[in-house]
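Note sheet for the following structure.
Values below: all heavy atoms of this structure, side chains included; hydrogens, waters and symmetry mates excluded. Lettering of chains follows the sequences in order, A, B, ..., and the numbering in each one begins at 1.
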2 protein chains.
Amino acid sequence: MFDVDNAAAKNVLAYIRSLTAFKDKSWEQLYPALSIVTFKKGEYLLEEGKVCQSLFYISEGYCRAYYNKDGKDINTAFFFENDMATNVSSFGQGEPSEYAIQAMEPLTAVKFDKQLLFAAAGQDPDIQVLGRKCLQMIAAKQEKHAAIYKLMSGQERYEYMETNFPELLQRVSLSHLSSWLGVARETLSRIRGRRE
Amino acid sequence: MFDVDNAAAKNVLAYIRSLTAFKDKSWEQLYPALSIVTFKKGEYLLEEGKVCQSLFYISEGYCRAYYNKDGKDINTAFFFENDMATNVSSFGQGEPSEYAIQAMEPLTAVKFDKQLLFAAAGQDPDIQVLGRKCLQMIAAKQEKHAAIYKLMSGQERYEYMETNFPELLQRVSLSHLSSWLGVARETLSRIRGRRE
DNA sequence: GCTCTTTTGTGACGATCGTCACAGGTGCGG
DNA sequence: CCGCACCTGTGACGATCGTCACAAAAGAGC
């Protein structure tokens with residue numbers, strides 16, 4: 001049973017309230033769809049090839065989304081505290097996921113179960129609004145990330161991360177960061193050597 | 001006044017019905033928010049620095065989204081018939097747009113006015129659902145595109161487009177295509193020369 | 001048909017990156 | 001304390017790409 005006094009529960013509620021005015025009645029409709037889940041480092045929130053049945057609100061720890069291309073991992077996203085992690089197209093269209101989402105640290109998340117969430121949304125238009133807002137956030141985040149990828153060189157992308165998301169550089173290993181930046185690990189090492 | 005017998009109007013209605021069961025009542029609520037707009041080649045659906053106030057359903061012709069980086073155009077998206085064109089983060093958060101959307105051919109679109117659309121959505125939950133579905137489509141499309149960008153080399157991306165979106169190659173000039181693929185125009189020319 | 005403009009192909013060259021190989025460093029468990 | 005796994009830096013080398021410059025080709029307008 002979902003414990004509303006849990007720290008993760010309080011975090012997710014605060015997150016929801018930051019997105020939309022949410023009545024107590026909506027919250028009561030919603031929370032049967034929620035559960036608190038924990039993952040050890042290396043465990044999977046979503047496995048490649050499986051259909052995504054949940055949204056995850058990350059309460060503590062972080063995870064990565066990565067494709068496996070010819071046996072090599074290629075990271076496409078990192079999700080930290082207060083992020084929503086999911087595979088939009090798999091969740092929405094029921095397609096098998098082309099990538100995996102994996103905990104990189106011990107992780108606590110609030111899971112939104114798809115079936116129960118849709119049932120709740122059918123009862124309460126404010127939950128619909130919440131869903132739209134979440135999608136909006138996700139789409140906006142993706143748009144921004146695609147832009148830095150298209151407009152900047154590997155070096156510029158690293159500097160951008162350095163100034164805009166310094167805490168990310170603290171927590172993500174350079175090997176994982178490099179594939180996310182789209183450069184070889186060695187190149188990232190040289191980028192870091194060049195400056196300072 | 002929005003002419004429901006117009007070809008563009010019929011197209012957009014068919015598009016909406018493909019996304020969600022839409023009652024006549026919802027359609028009547030929605031269509032005051034719609035208008036049919038046309039653009040000459042080179043005209044702007046959205047200018048850089050302006051706040052995006054509309055969604056555009058593309059009925060005929062196509063347009064591009066592009067950033068201006070140091071005086072050079074960098075294309076980030078093309079929108080063809082039956083696509084929804086907008087700047088998600090500008091439309092959603094009211095930020096000025098960091099890129100422009102420009103007609104590349106004479107273009108006919110159905111414009112969804114933000115204010116009127118929100119008013120209509122407040123009246124009718126099915127319009128909320130439509131909005132969420134559209135966002136889902138947009139987010140899924142972006143996710144896919146980001147993936148091909150991260151996983152493939154310039155050459156692979158070109159071959160991917162060749163097999164999956166051949167009509168795009170017919171309509172978009174190679175100069176515009178190259179910046180979208182993330183390679184220099186000359187490199188694209190050589191990629192094309194290598195094969196066959 | 002003939003300009004003028006835009007688009008596309010090609011050649012040369014230097015810069016950058018990816019790959020391979022290896023060494024130093026750090027942390028963890030036994 | 002030792003071994004082992006993982007992460008990070010570094011050197012050498014070849015491949016690829018971007019840039020500049022120019023020529024060929026294709027359209028658009030008169």
For Arg194(A) and dC17(C), is the shortest distance between a side-chain N/O and OP1 or OP2 below 4.0 Å? yes
Taken to the nearest whole Å, CG/Leu177(B) to C1'/dT8(C) is 13 Å
Electrostatic pair Glu156(B)-Lys69(A), nearest N-O below 4.0 angstrom: yes
In whole angstroms, how far is the P atom of dG11(C) from the CZ atom of Arg190(B)? 8 Å
Between Glu186(A) and Gly154(A), who's closer to the 5' end of DNA chain C by nearest nucleotide? Gly154(A)
Send over the distance from Asp70(B) CG to dG18(D) P, rounded to a whole Å. 16 Å
Atom-to-atom span, OH of Tyr158(B) to P of dT8(C) - whole angstrom: 11 Å
Does dC17(D) have its OP1 or OP2 closer than 4.0 Å to a side-chain nitrogen or oxygen of Thr187(B)? no
Can you tell me the distance, in whole Å, between the CD atom of Glu156(A) and the C1' atom of dG18(D)? 14 Å
Ignoring the backbone of Arg192(B), work out which of dG9(C), dT8(D), dT19(C) is nearest its side chain. dG9(C)
Between Asn68(B) and Tyr99(B), does any side-chain donor sit less than 3.5 Å from a side-chain acceptor? no
Counting just side-chain N and O atoms, does Arg185(A) come under 4.0 Å of either OP1 or OP2 of dC7(D)? no
Rounded to whole Å, the CD-P distance (Gln170(B) to dT8(C)) equals 12 Å
Measure the spacing between CG of Asn87(A) and CD of Gln93(A) and express it to the nearest 0.5 Å. 9.5 Å
For the side chain of Lys72(A), starting at C-beta, report the closest nucleotide among dT8(C), dG18(C), dT19(C). dT19(C)
For the pair made of CG in Leu174(B) and P in dA26(D), what is the distance, rounded to whole Å? 13 Å
Let me know the distance between CG of Leu188(A) and C1' of dT16(C), rounded to the nearest Å. 15 Å
Taking all atoms of both residues into account, what is the closest heavy-atom pair of Phe39(A) and Phe56(A), and its distance? CZ-CE2, 4.1 Å
When you check the side-chain N and O atoms of Tyr62(B) and Arg171(B), is any donor under 3.5 Å from an acceptor? no
Pick base, sugar-phosphate or nothing for Ser189(B), based on heavy-atom distances below 4.0 Å to the nucleic acid. base
Are any of Ser175(B)'s side-chain N or O atoms less than 4.0 Å away from OP1 or OP2 of dT6(C)? no
